[in-house]
Amino acid sequence: MEVFTFNINAWCHSWIDANHWRRGQQDDSWIRLHSMESKNVKKKSTPYSPKFKFMVIASFILICDVSVIALLAAEDYKLVKCGANTSQTVSLYGQFSSLVNRISFNLNEVIYSDPSMPFDYKSTITPDHIADIIDDTRKVWTQLRLVMGDISSVRESNCTISNSSIVQCMELNELMDELTLSSQRAAIESPLMSTAQKINAIDQNYQITNQINQITSRLTLQFIDKSTHQCNFSFETSWIYGAFILIIMSSCFNLYIMLREYLDVNQTIRFLMVLIPPPICKSIPLVQNYIDCASQTDASGWIKRLVMGNEQNQDKRTRAILEGSMDGVIICNDEGFIVEMNSSSKQMFKKNESDVIGHHISILFDQDLKVFIKDTITTKRGMMMQTVGMRGGADVDRVVRFPCSLSTSVGLWNRRTHVACFVTDCTVQEKQKELIDIEKRNNEALLNSILPVSVASRLKNNSLDCIADKFDDVTCFFSDMVGFTKMSSMMSASDLVILLNKIVVAFDDLCIVNQIEKIKTIGDAYFCVGGLFDKQSNHPQRIITFGLQALMAVKELTNGDVDVRIGVHTGPLVAGVIGKNKFAYDCWGDTVNTASRMESTGVPGKIQVSRQTYERVHDLFKFEERRVEAKGKGSLTTYVVLNE
């Protein structure tokens, strides 16, 4: 944009030099403009563009900020590490001092066998117990030396042979060795010691313990004092922070100077526009593009009034039409850059004019529209597309995407080719369509739960005149509950329906597992068919398996209070939908009647099959042959499936 602005500035001066000065029209404003321009020319001697300088300074500021943050993080890490080391040292010293004192205390109790102590606690204070404490003390002593450095050779600084005992002149490592050896020896030999020997051992142990505590306490205090000095904020780091802050402040000041220069150039162009006739401005594409972009972001709108002249009233009428539209209207130039938008589009995209004027229309949508705008200009006819708009601010996390319809038209506006983009928010329509699709799926699921899927599809696509099919090889299943009528007389209506529903639901689930088509229920009777819509020939086996599972389900749901008679027969039948209202899918034929007779003459808790079914599965299940008298059939040979 800055190069574009300087090109406009240079063109305005070249035109005025060729026309205005030749007519001798000199005034104070012209002299002031030349003085402003001379300053700008001197400042533009650098070969780098303002945009490049801006990016360099901004990057430098960012690097400085990152450096300061890194230094702060390093300093914090140093302080935390120092604090952790100090805390660890204090903790180890506390453990070490506690263990040393425990050695002395327990040794005293072992030697004197204090009878006032409780029996349970006294039993644990043994020479072995003292040995365990000494091992723990050695471990803590090793850790303390690793943290504080080599402190084994430290001794009292004011030690002299004349005024000190041998213990007071020992090194710290020697004191530790003497403490462990003397304590273990005294604990083991205490039963054999005399009273004087015991007193001498306790006194020697006390001197060693006291000497160790004095030396380790002094070393710990020295280590803490040294660590505190090391953890202080360094003076050199403060100088570095100050230098970075000064650099950042100077860089920000340079950015302010650059922005001020850019604004001065734009102000110069505004003064120059007064001296150039409007027709000349509108005849130059470079100047016209500047006017289209700058006039929309100018609060007073004086550039537009200056150039457009008497066409202002016509623009007001055009804007009134645009503002009256319920859809969003966006006016773009022939390159797709936005020059105008109505209130509906501002509300739709949650944008202000200053956010989009001069930018490509693609910033409002979730796809690049450069090719779409170019095709509209090339074909010079309206086009339409479905796209996704982006509502919200510049932050990507806050952008809300919404479906919309975009249609375009080409026309002349301000004597230039422009593209009018009409945007319709399709959020409500998409939600309505989604609700309709959900309801449609629910209706289809309900219909498929009532009728077989293939039959439901034929009902939706064809008329209800007649739907019937003949099946040459299927297996029919009938079941009836024995004792259910007597049981229902002792139950309330709600409990009866609940129990019956549990049984039927269990049968329905088993039908799905065994790929069997449920036909209907009649009271407490259940009718289903295998082999209707699948091409598998093992439907007799699946029906009998289903029957055995159904018997187990009824037994579990009724605690054995209800038995079921089941009849099965294999053969041809006719199936279809009849009726006009409350229609249902049903089956007819001798196969259905025979299966019903198999059920009515069956044994409670058993499955009775016909000869035709038996021949298909006789090698898969165990059967018991029997003779029955069936209504309308006479004497029949049937077979009962042995559940075991």
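What you see below is based on every heavy atom in this structure, not just the backbone, and it leaves out hydrogens, waters and symmetry mates.
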[Y] side chain reached by [X] side chain, heavy atoms, under 4.5 Å:
X      : Y      : answer
Asp508 : Val504 : yes
Leu406 : Leu369 : yes
Phe507 : Cys528 : no
Arg401 : Arg391 : no
Phe533 : Glu517 : yes
Ser345 : Asn342 : yes
Gln386 : Pro403 : no
Asn443 : Lys440 : no

What is the minimum heavy-atom distance between [X] and [Y], and which atoms define it?
X      : Y      : result
Cys404 : Val388 : SG-C, 4.1 Å
Tyr639 : Ser610 : CD1-O, 4.1 Å
Glu615 : His618 : O-CD2, 3.3 Å
Val617 : Pro540 : CG1-CB, 3.8 Å
Val564 : Leu551 : O-CD2, 3.7 Å
Trp588 : Gly576 : CZ3-N, 3.5 Å

> Is the gap between the ring centers of Tyr526 and Phe478 under 6.0 Å?
Replying inline: no
> Using the benzene-type ring in the case of Trp, are the ring centres of Phe349 and Phe402 under 6.0 Å apart?
Replying inline: yes
Using modelled atom types and a 3.5 Å cut-off, is there a donor and acceptor pairing between side-chain atoms of [X] and backbone atoms of [Y]?
X      : Y      : answer
Asn442 : Ile438 : yes
Ser600 : Arg597 : yes
Asp355 : Asn352 : yes

Is it the case that [X] and [Y] place a side-chain donor and acceptor less than 3.5 Å from each other?
X      : Y      : value
Thr378 : Asp375 : no
Arg627 : Ser635 : yes
Gln608 : Arg565 : no
His539 : Asp473 : yes
Gln367 : Thr387 : yes
Ser596 : Asn593 : no
Asp334 : Thr417 : no

Other residues, nucleotides and ligands only: do more than 12 of their heavy atoms fall within 6.0 Å of [atom1] on [X]?
X      : atom1 : result
Met326 : CE    : no
Glu624 : CD    : no
Met385 : CE    : yes
Glu434 : CD    : no

>> Pair Asn501, Val505 - check side-chain contact (heavy atoms from CB on, under 4.5 Å), show working.
In response: CA-CA 6 Å; Asn501 180 67; Val505 169; 3.8 Å; yes
For the atom pair [atom1] ([X]) and [atom2] ([Y]), what is the distance rounded to the nearest 0.5 Å?
X      : Y      : atom1 : atom2 : answer
Leu620 : Gln541 : CG    : CD    : 5.0 Å
Gln347 : Asp425 : CD    : CG    : 10.5 Å
Thr613 : Ile543 : OG1   : CD1   : 9.0 Å
Ile436 : Lys431 : CD1   : NZ    : 14.5 Å
Lys518 : Leu510 : NZ    : CG    : 12.0 Å
Lys606 : Leu642 : NZ    : CG    : 6.0 Å

> Checking salt bridge (charged side-chain N to carboxylate O under 4.0 Å, His left out) for the pair Lys633/Asp590: CA distance, chi angles, key distance, verdict?
Replying inline: CA-CA 10 Å; Lys633 296 290 184 178; Asp590 184 71; 2.3 Å; yes
>> Here's a test for you: under side chain to side chain contact (heavy atoms under 4.5 Å, CB included), which of Ile544, Thr570, Val640, Ile566 qualifies with Val609?
In response: Ile544
> Going through the checks in order, is the side-chain contact (heavy atoms from CB on, under 4.5 Å) test met by Ser407 and Val423?
Replying inline: CA-CA 7 Å; Ser407 57; Val423 185; over 6 Å; no
>> Classify the ring geometry of Phe623 against Phe621: parallel below 30°, tilted from 30° to 60°, perpendicular beyond 60°.
In response: perpendicular
> Checking side-chain contact (heavy atoms from CB on, under 4.5 Å) for the pair Ser405/Phe422: CA distance, chi angles, key distance, verdict?
Replying inline: CA-CA 8 Å; Ser405 173; Phe422 303 89; over 6 Å; no
>> Show, in sequence, the C-alpha distance, side-chain angles and deciding distance for Arg616 and Asn538, and conclude whether the side-chain contact (heavy atoms from CB on, under 4.5 Å) test is met.
In response: CA-CA 8 Å; Arg616 299 279 289 272; Asn538 64 341; over 6 Å; no
>> Tell me which one of Thr475, Asp534, Asn514 satisfies side chain to side chain donor-acceptor pair (under 3.5 Å) with Arg542.
In response: Asp534
